[in-house]
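The block underneath contains the structure these notes are about, expressed in structure tokens.
All values below come from the heavy atoms of this structure, side chains included, with hydrogens, waters and symmetry mates left out. Counting starts at 1 for both ligands and their atoms, following the listed order.
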Amino acid sequence: MLVASGLVKHYGGVTALDGVGITLAAGEVHALVGENGAGKSTLVKIISGAVRPEDGTLELDGAPVRFAGARQAAARGVAIVSQELTTYDDLTVLENLFPYGAPRRRGLVSTREMRRLARPVLDELGIDPPPHARAGELPLADRQLLEICRALLLEPRVLVLDEPTSALPRAAAARLADVTWRLAERGLAVLYISHFLEEVMRIATRVTVLRDGRVVLPGAEAADVSLDSLVTAMLGRPPARAAGPALSPGAEPGARTGAEPSAAPRRPGGAAVSLTGVTIPGRLRDVSLAAAAGEIVGLAGLQGAGHLAVLDAVCGRARPSSGAVRLPGGRAPRSARHAVTSGVASISGDRKGRGLMLDKALWENVTAVSWLGQGRGGFLPRRSRLVDRSRGHLERLRVRGDVRASAGDLSGGNQQKVVLAKWLDAAPSVLALDDPTRGVDVGARAELHGIVRALAAEGKVVLLASSDLAELVELCHRVVVFQHGRVVGSLAGGRLTEPALSLAMNAGFAGPVR
Ligand SMILES: Nc1ncnc2c1ncn2[C@@H]1O[C@H](COP(=O)(O)OP(=O)(O)OP(=O)(O)O)[C@@H](O)[C@H]1O
């Protein structure tokens with residue numbers, strides 16, 4: 001139905017695509033995978049017309065096409081959900097769903113008609129946002145689903161989903177997989193880009209692998225491809241055993257896999273971060289918990305359960321109405337800036353919302369936080385030293401890109417690694433992580449996990465919230481589970497498994513709570 005052939009695209013000296021072709025057929029879910037920077041988003045941008053290739057063609061139903069943008073593509077039946085969210089924060093949910101013209105009755109925009117059309121699609125994806133709420137007020141996961149609803153309302157014949165589940169909790173990701181299948185059964189051609197390889201294997205009928213701008217596995221039948229061969233094709237070498245694959249949010253529940261945090265950490269100085277009887281109206285009710293130096297403590301819960309409010313409290317973004325938050329050394333975070341200067345690193349997978357100066361060079365981004373940490377009166381290191389230091393961090397995280405390039409020119413996953421690099425540079429004593437590996441490829445995910453473990457082993461306190469249960473099970477010494485703003489219990493050791501976590505998050509604890 002949609003055929004791309006021989007696509008070539010350079011950005012300055014970087015070859016983003018080097019003769020890439022792909023065929024999307026009706027009734028198929030075609031997965032496209034590759035490491036960060038492999039060229040996946042560039043291909044999507046060429047399909048939408050946002051980027052012009054230097055060579056190559058695009059054909060729709062046998063005729064050459066070139067779209068001038070997502071709107072024109074949509075008019076020809078090609079709907080694209082891009083990696084970066086494009087919801088309009090100031091518009092309502094309904095207004096966001098009909099960006100190319102709202103339905104009208106007698107010449108007037110009809111809210112009732114909008115609702116009537118939107119309802120079945122929202123129901124299918126399992127979200128129920130207040131129709132008049134501003135999109136900017138919705139949680140990240142709902143905004144991601146809203147974008148997908150918007151694409152489905154265009155009733156496309158070709159649907160391109162670029163990392164559609166990166167912000168979704170397990171249940172929503174599983175629902176989206178079902179919806180994708182149904183769409184393919186109805187005859188749609190779906191291009192599905194994801195870093196969650198098990199999700200890809202479950203959902204795709206075909207898979208194409210890109211590496212360094214080239215197709216290294218072209219449209220193979222998914223049934224003929226193993227997870228290991230997929231990772232080998234992506235990386236150009238067999239996967240490191242300890243790394244473990246990037247499990248999807250909807251992965252089959254299993255027990256601990258890959259490298260695990262071994263013994264419980266020592267607690268030389270007792271609790272390094274503590275919450276005592278903390279209440280934040282509407283978010284947390286009388287919560288007490290403590291994390292020791294060297295400990296990786298997971299925070300889990302369904303949307304709105306309160307686990308993310310703990311991170312906000314520790315990072316100085318939310319003030320308790322009662323109770324106390326203590327950082328190492330006994331300080332209470334008075335503001336977000338004060339938390340940073342007190343050694344708290346706040347790292348979020350929502351890299352667009354928090355974190356990068358896209359028009360600034362990588363080295364400026366990487367060293368931005370440590371500037372703050374130095375406070376007033378600190379000596380300013382020489383620029384060349386900052387550049388060198390940044391290069392070291394970026395190499396450690398295997399970021400593809402020059403330290404002097406703009407952050408905005410990096411691929412999405414590489415941008416996420418830069419967010420981490422800048423916090424590493426600040427040498428924090430507490431890491432507050434919120435879905436830190438969202439959108440990050442399998443190699444970098446393992447790398448980042450290794451770094452988190454190493455930082456904990458150095459004595460840092462790590463608080464980790466993640467919608468990826470496998471990540472919580474693999475990384476954490478213990479996971480504290482929240483419901484309705486309260487702690488309902490915690491899981492550790494042999495009890496810390498994905499099924500147990502899922503049960504605790506959804507139903508509370510069946511057995512005795514430790
Ligand atoms: N506007 C740009 N200017 C300069 N270089 C760019 C630009 N956009 C992409 N690149 C580079 O082109 C290469 C391919 O990037 P692309 O975004 O297509 O990768 P990707 O496979 O989608 O990665 P990710 O999984 O991280 O999203 C990368 O090396 C990236 O840094």
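The atoms of ligand 1 that sit less than 4.0 Å from any heavy atom of N414 are 26 (O). The E35 neighbourhood of ligand 1 comprises atoms 21 (O), with distances under 4.0 Å to a heavy atom of that residue. Near H195, the atoms of ligand 1 lying under 4.0 angstrom from a non-hydrogen atom of the residue are 25 (O). Proximity to N36 (heavy-atom distance under 4.0 Å) selects the following atoms of ligand 1: 23 (O), 24 (P), 25 (O), 26 (O).
For the pair D441 and ligand 1, no heavy-atom separation below 4.0 Å is found. Within the structure, ligand 1 has G39 among the residues with a heavy atom less than 4.0 angstrom away.
Using a 4.0 Å cut-off between charged side-chain N and carboxylate O, E147 and R150 make a salt bridge. Remark: R157 engages D61 in a salt bridge, criterion side-chain N to carboxylate O under 4.0 Å. With respect to R389 and E395, no salt bridge is recorded, no charged nitrogen being found less than 4.0 Å from a carboxylate O. Salt-bridge annotation for D388 and R385: absent, with no side-chain N of the basic residue lying under 4.0 Å from a carboxylate O of the acidic one.
Counting heavy atoms under 4.0 Å from ligand 1, residue D409 touches it through both backbone and side chain.
The closest side-chain donor-acceptor pair between S41 and D162 falls under 3.5 angstrom.
For the pair K40 and S411, the minimum side-chain heavy-atom distance is 4.5 Å or more. At least one side-chain heavy atom of L152 sits under 4.5 Å from a side-chain heavy atom of L159. Side chains of L188 and P156 form a contact here, defined as non-hydrogen atoms less than 4.5 Å apart.
For ligand 1, the polar-atom distance check against G37 finds a nitrogen or oxygen pair separated by under 3.5 Å. Checking only distances, K45 never comes within under 3.5 Å of ligand 1, N or O to N or O. For A16, no nitrogen or oxygen atom sits less than 3.5 Å from a nitrogen or oxygen atom of ligand 1, counting backbone and side chain alike. Backbone and side-chain nitrogen or oxygen atoms of A38 are examined, and one is located within less than 3.5 angstrom of a nitrogen or oxygen of ligand 1.
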